Amino acid sequence: MAKYFLKEMKMKTVFCRAPYNYDMDLASDKHGLKCDDPSLTQQQFKEESDINTIVDRFMKSGVLPTPVNMPQYIDYEGVFDFQSAMNVVRQADENFMRMDAKIRARFNNSPQEFLQFFAEPENFDEAIRLGLAIPQAVAETKVSAAEPTSKSE
C-alpha cells in the first residue's frame, strides 16, 4: 500500500525558463515566423526615403518635400471659449512638431520656448539664420547734401 501511495503522490515537474537552461535562438527558430517569399520592397528608393537624407537635403537646399507645410503665424483674435482655445493650442503644438528635429532640439522640443524665443526682438537674426524668419528689406532714405534741410523764410 505504501508503494501505491508514493506512486500517486509523485508530482509532475514544471519547467521554468531561465537564461541558463533555455535557448531562445532555438525556440525562435522552431516557433518563429519565417518568411521565405521574395520581398516586394523596391530597394532602389532606400536612399531617397531615408529620413536623414531628407533632412540633410532640406538643410542644404531649403526645399521641402512636396506634402510638407511650413509653420505659420496666425492671429487667434476670435477665440472666445475653452474648446476653441484648446483647438488653437493643439494646432500650434502639431505645427511645432512638423518642424525639423534639429530646430525642435534647439528649443528643447518645447513649443513654449519656441514662442518665447520669437517674443524677443533681439532673436530675429538667429531666427533668420535658422531659416525660421525671412529677412525684411530695409528701405534706406538718402539725404542729398545739395538739398537744404532747413526751412526757407
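Predicted model only: the values in this text are computed from it and were never measured.
Across R104 and M97, no two heavy atoms sit closer than the pair NH1-O, 2.8 Å. Between I103 and L130, the shortest heavy-atom contact is CD1-O, 3.7 Å. Here the closest non-hydrogen pair linking S39 and T41 is OG-N, 3.1 Å.
Put simply, CG on D93 and CD on Q112 are 11.5 Å apart, with the number rounded to the nearest 0.5 Å. Between atom CG of residue L132 and atom CZ of residue F114 there is a gap of 5.0 Å, rounded to the nearest 0.5 Å. With rounding to the nearest 0.5 Å, the separation of CZ in F124 from CZ in R129 is 13.5 Å.
Taking a 6.0 Å sphere around CD1 of I134, one finds it holds 12 or fewer heavy atoms contributed by other residues, nucleotides or ligands.
Looking only at side-chain heavy atoms (C-beta outward), R106 and E126 come within less than 4.5 Å of each other. Here the side chains of V55 and M59 are in contact, with some heavy-atom distance below 4.5 Å.
Pairs passing the side-chain hydrogen bond (donor to acceptor under 3.5 Å, both in side chains) check and including a residue from residues 49-64, sequence neighbours excluded, read E47-T53.
Between the side chains of Q83 and N87, at least one donor N or O lies within less than 3.5 Å of an accepting N or O.
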